[in-house]
Amino acid sequence: MRAAGGVAARALRLVGDAVRPGITTERLDRIAEDAIRSAGAAPAFKGYHGFPATICASLNEAVVHGIPDTVPLKEGDILSVDVGAIVDGYYGDCAATFPVGKVSAEAATLMDVTRLSLEAGIERCRVGMRLYDISAAVQQVAEAAGFSVVREYVGHGIGRSMHEEPQIPNVGQAGTGPTLSEGMVFAIEPMVNAGKAAVRALDDGWTVVTEDGALSAHYEHTVAITADGPAILTVEDDG
Ligand code: MG
């Protein structure tokens, strides 16, 4: 799973490096697919329930599951990119939101807070903690900043399938839920909205947007629970 996570993390980093005004999300998708295939891995999303691309590219008010297209990115946009890779039957899954050029103060704060909410959730991935300690930590950071947490989409167990039990909501009651034990691996992925929490799906059958049209951000890591604490698997190998 470290190998799969490393490939996914490198693809995400290469996409992030390429994000700039004028580039299309279709081009970013090609960069991610080339990175994954050149590592001898397979894209986890392409063909998953019919999804047509390697990355999910969710722009501005899009929350998750956006389909790459030929529309050039514009200065001030924010783009959430989700990417997964498969190595030897094991999955890695990660996401981040990238600024396109200079973005508004609200957008920058939303991205910072969402990333910090993920870090707070990861910090709770320890033997003996309860599952919804993770959820509560994410929720607390996001809501303390005045933002809203998406309810309809959640993190998940991950391993030989992309989505395994349990579901990991981004809201919850600390001290409740299953007890965490060594060897569990979770994809933790807060989706945080600048406005209200409500979302809806577009007619393309994939793209999820905020109901009120406000910005949304999304960060994700695949994290293993070890005796030494949380181990983030979606990080690039040294060198
Ligand atoms: Mg995921």
Side-chain angles (χ1 to χ4, degrees), residues 1-13 15-16 28-29 32-33 36 41-58 62-68 79-87 89-98 111 114-115 117-122 124-125 131-132 134-135 137-139 142 149-172 180 184-193 199 201 206-209 216-225 230-235:
M1 293 197 71
R2 281 189 191 281
V7 171
R10 179 167 181 274
L12 184 63
R13 196 258 303 164
V15 167
L28 296 174
D29 187 68
E33 182 166 0
I36 290 169
F45 298 173
K46 200 164 194 172
Y48 185 81
H49 294 288
F51 189 77
T54 293
I55 63 170
C56 296
S58 305
V63 178
V64 286
H65 304 165
I67 299 170
L79 180 70
S80 295
V81 176
D82 197 344
V83 63
I86 312 167
V87 174
Y90 287 95
Y91 285 71
D93 189 3
C94 55
T97 302
F98 300 106
M111 290 188 288
T114 308
R115 185 176 40 74
S117 75
L118 170 60
E119 290 174 4
I122 291 171
R124 303 307 191 282
C125 289
L131 185 67
Y132 304 135
I134 300 170
S135 311
V138 169
Q139 180 179 14
V149 178
V150 173
R151 266 64 170 175
E152 288 86 345
Y153 301 86
V154 297
H156 48 94
I158 180 169
R160 287 187 173 279
S161 301
M162 188 153 62
H163 295 117
E164 299 183 350
E165 292 297 316
Q167 293 196 350
I168 307 169
N170 292 304
V171 298
L180 306 186
M184 291 178 170
V185 185
F186 298 150
I188 302 172
E189 51 176 323
M191 290 143 266
V192 177
N193 299 345
V199 299
W206 283 105
T207 312
V208 176
V209 299
S216 188
H218 178 211
Y219 288 79
E220 176 180 29
H221 272 305
T222 299
V223 181
I225 294 166
I232 299 175
L233 302 184
T234 34
V235 290

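All values below come from the heavy atoms of this structure, side chains included, with hydrogens, waters and symmetry mates left out. Indexing begins at 1, ligand by ligand and atom by atom, following the structure's order.
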Where the side chain of [X] meets the backbone of [Y], is there a donor-acceptor pair that is under 3.5 Å apart?
| X | Y | value |
| --- | --- | --- |
| N170 | E189 | yes |
| T222 | T234 | no |
| S80 | A217 | no |

Qualifying residue for side-chain contact (heavy atoms from CB on, under 4.5 Å) with D29, from V83, V81, T54: T54

In this structure, is the centre-to-centre distance between the rings of H156 and Y91 below 6.0 Å?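 Between Y91 and H156, the centre distance exceeds or equals 6.0 Å.
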
To check you understand the geometry: which heavy-atom pair defines the closest contact between A95 and L12, and what is its length? C-CD2, 3.7 Å

Tell me, which protein N/O/S atoms are under 2.8 Å away from the Mg ion (ligand 1)? D93 OD2, H156 NE2, E189 OE2, E220 OE2

